[in-house]
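Atoms within each ligand, like the ligands themselves, are counted from 1 in listed order.
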Amino acid sequence: MAKKSRKFKTEVQQLLDLVIHSLYSKKEIFLRELISNASDAIDRVQFEALTDKKLLGKDEAWKIKVTADKEARTLTISDNGIGMTAAEVEANIGTIANSGTRRFLEELQKNKKTANAEFIGQFGVGFYASFMVADKVTVVTKRAGSDEPAVLWTSTGTGTYTLEESERTERGTDVTLHLREGMDTFLEEHEVRRVVSEYSDYISFPVVMDITRTTTGENEGDEEVTTTEEETLNSMKAIWKKAATEVSEEEYNEFYKHVSHDYTDPLKVLHYRAEGTTEFQALLYLPSQAPMDLFWPDAKRGLHLYVKNVFINDDCEDLLPAYLRFLKGVVDSSDLPLNVSREVLQDDAVIRRIRKNLVTRVLKELADLKERTPEKYQPFYEQFGTVIKEGVHQDFENYDKLVELLMFASSKSEDGKPTSLKDYVARMPEEQKEIYFLTAASLAQATHSPHLEALKDKDYEVLFFVDPIDEWVTQRLTEYDGKKLKAIDRGDIDIHSDEEKEAKEEALKSDAETYKGVIEFIQKHLDEEIKEVKLSTRLTDSSCCLVADEMGMNANMERIMKAMNQEMPPVKRVLELNPTHPVMPKLLAMVEADAASETLGDYADLLYSQALLTEGSPIKDTAHFAQLVSKLMVG
Ligand code: ADP
Ligand code: MG
């Protein structure tokens, strides 16, 4: 192969520029990324060799070697893993910008706070971290089981890279960093040791380094002896195999960072061994903050699966339902065959049993967290509540448990502090029959909704469903503890005692008689917009509001459907007027004076616009609305 020079894709180049010029903190993580790549490469050849022994070539022990050359000022990370063909080099670290590159760029540009090197592994672009400390990087690599010669990739991180043939004859990869000025500390044994033990201790293959020692003999006059020996820098412990009592919190946390690419400590560790029909070890983590990719449809997710200590894959989605995708960790089972394929995994009885066990365990852990340490559960729920709600929708089997995990702000909560359904029910006054809720686009909107007025009067609490997914939750969650959940902006609300109702109906009848002309006028004027005009029993202060049918689409749902680009026929709602509001007698006087007056039409438009605004819906003709308000002000 002749030497070829290639240009990086624009996005890769932008990424490199940022890596070189903007990431200052924790430059040492480049080593974690390169060792992690080396370890992945060994995992892969180990796995492929299960079905093709030839790949192993001459029998040798798995090894990742770090070599520091102080004279040349280079640091080399070598592995005897899977290696890459020329085409793979180009695909993985050359021209092709993967989706992670773009997202990392966006994230860096959007949020300077995250201009933190530790972040880079999350985006599948860890290799480029090398350029933080090196002004030239070479990769010599040979693919296991391929007849193609080895390749040498060279780049200074500025615009181009070259590819040419190289000499390596055994499978594996050497990544050599020509260190930038001022980065010589990474050539020191103690620094390499420190970084390896801090970030890569749990790597399951030996990370070795040649250590040179000079010793003098015991007797005076003995000559100095210099010996160089390969020493292993990491402890290689599969910490999930150990007993929980043997693992320190730091070890748990460090391993978490390795499997999750998160840089904050986890909220909770679940480490256990299951025995019985299915035996396995699980080390699971509840993160304390949601990862960037929690809602990306194409994000890589899933647990790391090991079978009898051999790494199988790090994205086993079949071990957990989608709504528990935020869990990170390892499952190691000896009940699965080693050569298990993805297709088999999907439909395997052992996997199904493990999954059931994990789900039960995790849900129990969450329930405990909520019961015992609400101060920890609440921030967790803020981060992951939305995915728990997906579970309410998806997981019929565990529906009851999941419902207990839900929290909502309410009309009685201070500063939007959420409450559980259980606590809400415990606070319900005796005569309250249903659980009331209001869906809205924001907490502020919910808090100021006119729909709350009559309930406030009764001192009934209303739950605020302000997460878009809550609309879906309400479709499943129709009842709790034998009580119906009732949307206060849909249909009639039944909050009055029989006597009150009678009195109200009486009053309503006479009001309806009094305001007949007003109702008829508005009905006719707004006929295209609304379904009906009615006098309201739910308002005390506001003049009007819009109410959906019992089964109809309310304002919030309409907004969500539009946001998802769903075509929908326009939905008409009922306009309810407050018969006790001072605007009513005024309107009546106008109707009586001149039912064809233009001002009357303007007032009807204003009332309707107000109702739309308070529920957070757009008004159709904003210019017209502005004109009307000005006109009103001029008088
Ligand atoms: P990630 O490891 O998240 O995929 P990286 O930027 O660290 O992202 O690496 C990009 C890709 O380059 C890897 O997925 C792998 O295919 C390839 N690669 C990197 N280092 C090695 C290595 N030592 N041996 C084999 N392939 C490697
Ligand atoms: Mg990597």
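- Listed by chain and number, the residues in a side-chain hydrogen bond (donor to acceptor under 3.5 Å, both in side chains) with Asn37 amount to none (sequence neighbours excluded).
- In terms of polar-atom proximity, Met84 is not counted as a contact of ligand 1, lacking any N or O under 3.5 Å from an N or O of the ligand.
- When heavy-atom distances to ligand 1 are checked against a 4.0 Å cut-off, Asp79 comes that close only through its side chain, counted from C-beta outward.
- Each of Thr74, Thr76, Thr67 was scored for a side-chain hydrogen bond (donor to acceptor under 3.5 Å, both in side chains) with Thr176, with one residue passing: Thr76.
- Of the listed residues (Phe186, Phe131, Tyr128), just one forms a ring-ring contact (aromatic ring centres under 6.0 Å, His included) with Phe30, and that residue is Phe186.
- The aromatic rings of Phe8 and Tyr161 sit tilted relative to each other, their planes meeting at an angle between 30° and 60°.
- Note: an N/O pair closer than 3.5 Å links Phe127 and ligand 1 by distance alone.
- At under 3.5 Å, not a single nitrogen or oxygen of Tyr128, backbone or side chain, sits near a nitrogen or oxygen of ligand 1.
- Across Asn92, Ile64, Ile42, heavy-atom proximity to atom 15 (C) of ligand 1 is greatest for Asn92.
- Under 2.8 Å from the Mg ion (ligand 2) lies an N/O/S atom of Asn37, whether from backbone or side chain.
- Partners of Gln281 according to the side-chain hydrogen bond (donor to acceptor under 3.5 Å, both in side chains) rule, which considers only residues two or more places apart in sequence or in another chain, do not exist here.
- Tyr252 has its ring centre no less than 6.0 Å from the ring centre of Tyr256.
- Residue contacts with ligand 1 for Glu33 are absent, since no atom lies close enough (heavy atoms, distance under 4.0 Å).
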